[in-house]
Amino acid sequence: MIITIDGPAAAGKGTLAGAIAQKYKYAYFDTGMVYRAVGLLMILNGKDLSDEAAAIEYASNLTFPQMMELSKNPEFRSAKGGQAASIVSAIKDVRAKLLAMQQNFALNPVFADGTKANGVVYDGRDTGTVVCPNAELKLFITATPEVRAQRRFAEFQQKGSNLTYEEVLADIKARDERDSNRSTAPLKPADDAIIVDTSDLTIAEVFAHVDEIIKKRLK
Ligand code: DC
């Protein structure tokens, strides 16, 4: 079974995807990583983020092991890294170059140790619309910008970041705007996606709700 989880930044997609993957022994692909990897390569090589040719070149040559290596860099998950990812992800050819790598993951889903997985959970912005339009279950996870900013702010504080809540909220809103209004694969629910608003739900409540949906689909 392939499950896709799309939604805006900091809606709780990753936490939910990880919990589903663990319970059902599914492999997990956080597709934001491909764009974060290209964004980080731009930063590390001193490229201007408007240099589309450089971004397309990095996207063309990106490999899965290189992406995993880049993910160890502290800048990979930083606000700056997220912003760079959002900017390069709006380039049509960057998305096209990174599509096969994301789709191939579902062909032979395995865990890091090589053992076979029972299925795949994808998370991102376009996994139900573009990456896996034939997925058996599509979820669209959302929450208000304020709730998402509060969650991301708490995460950044734990990592010792000194960004203020207002700065994090402004970043979330800027990313929503860019991710939703780009011309290629804009953030939007697939027609057959189930929409879950997590604004007033705990992580456990979101998981319990989604788990019921999965159990019904598996029957
Ligand atoms: O989920 P994330 O914060 O790691 O994603 C970083 C950026 O990558 C996000 O702002 C938009 C882009 N992205 C995308 O365009 N499509 C995806 N499937 C996943 C992420």
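All values reported here derive from a predicted model rather than from experimental measurement. Numbering of ligands and ligand atoms starts at 1, following listing order.
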_Can a side-chain donor-acceptor contact be found between T15 and R151 if the only test is distance below 3.5 angstrom?_
no
*Counting both backbone and side chain atoms, is some N or O of D123 under 3.5 Å from an N or O of ligand 1?*
no
*Does any N or O atom in Y35 lie less than 3.5 angstrom from one in ligand 1, N or O only?*
no
*asked:* Please compare R36, K13, R182, R178 and report which has the shortest non-hydrogen distance to atom 3 (O) of ligand 1.
replied: R36
*asked:* Once you measure the plane-to-plane angle for F29 and Y122, does it fall in the parallel (<30°), tilted (30-60°) or perpendicular (>60°) bin?
replied: parallel
*Which residue supplies the protein heavy atom nearest to atom 20 (C) of ligand 1, what is that atom called, and how far is it?*
G32 CA, 3.5 Å
*E75 and S78 side chains, donor-acceptor separation under 3.5 Å*: yes
_Below 4.0 Å, non-hydrogen atoms only: which portion of Q83 touches ligand 1? Side chain, backbone, both or neither._
neither
*Protein contact of atom 6 (C) of ligand 1 - nearest heavy atom, named by residue and atom, plus distance*: R175 NH1, 3.4 Å
_ligand 1 N/O within reach of R95 N/O, cut-off under 3.5 Å_ = yes
*Part of S89 within contact of ligand 1 (heavy atoms, under 4.0 Å)*: side chain
*Atom indices of ligand 1, in the order listed, that fall short of 4.0 Å to a heavy atom of D126*: 16 (N), 17 (C), 18 (N)
*Ignoring hydrogens and angles, state whether a donor on the side chain of R95 or T184 is under 3.5 Å from an acceptor on the partner side chain.*
no
*With heavy atoms only and a cut-off of under 4.0 Å, state how M33 meets ligand 1: side chain, backbone, both or neither.*
neither
*Just by modelled atom types, is the K47 backbone N or O under 3.5 Å from a matching donor or acceptor in the N45 side chain?*
no
*Would you mind listing which atoms of ligand 1 come within a distance below 4.0 Å of any non-hydrogen atom of T31?*
17 (C), 18 (N), 19 (C)
_Shortest protein heavy-atom distance from atom 17 (C) of ligand 1, along with the residue and atom involved_ = R125 N, 3.2 Å
_Donor-acceptor pair, side chain of D123 and main chain of I5, under 3.5 angstrom_ = no
_When you measure from the side chain of D30 to the backbone of G14, do you find a donor-acceptor pair of N or O atoms at a distance under 3.5 Å?_
no
_Can a side-chain donor-acceptor contact be found between S89 and R178 if the only test is distance below 3.5 angstrom?_
no
*With only distance considered, is T127 within less than 3.5 Å of ligand 1 through an N or O on each side?*
no
_Nearest candidate to atom 11 (C) of ligand 1, where distance is taken over non-hydrogen atoms, out of D176, D179, T129_ = D179
*Any donor and acceptor pair, going by atom type alone, linking the side chain of K13 with main-chain N or O of P8 inside 3.5 Å?*
yes
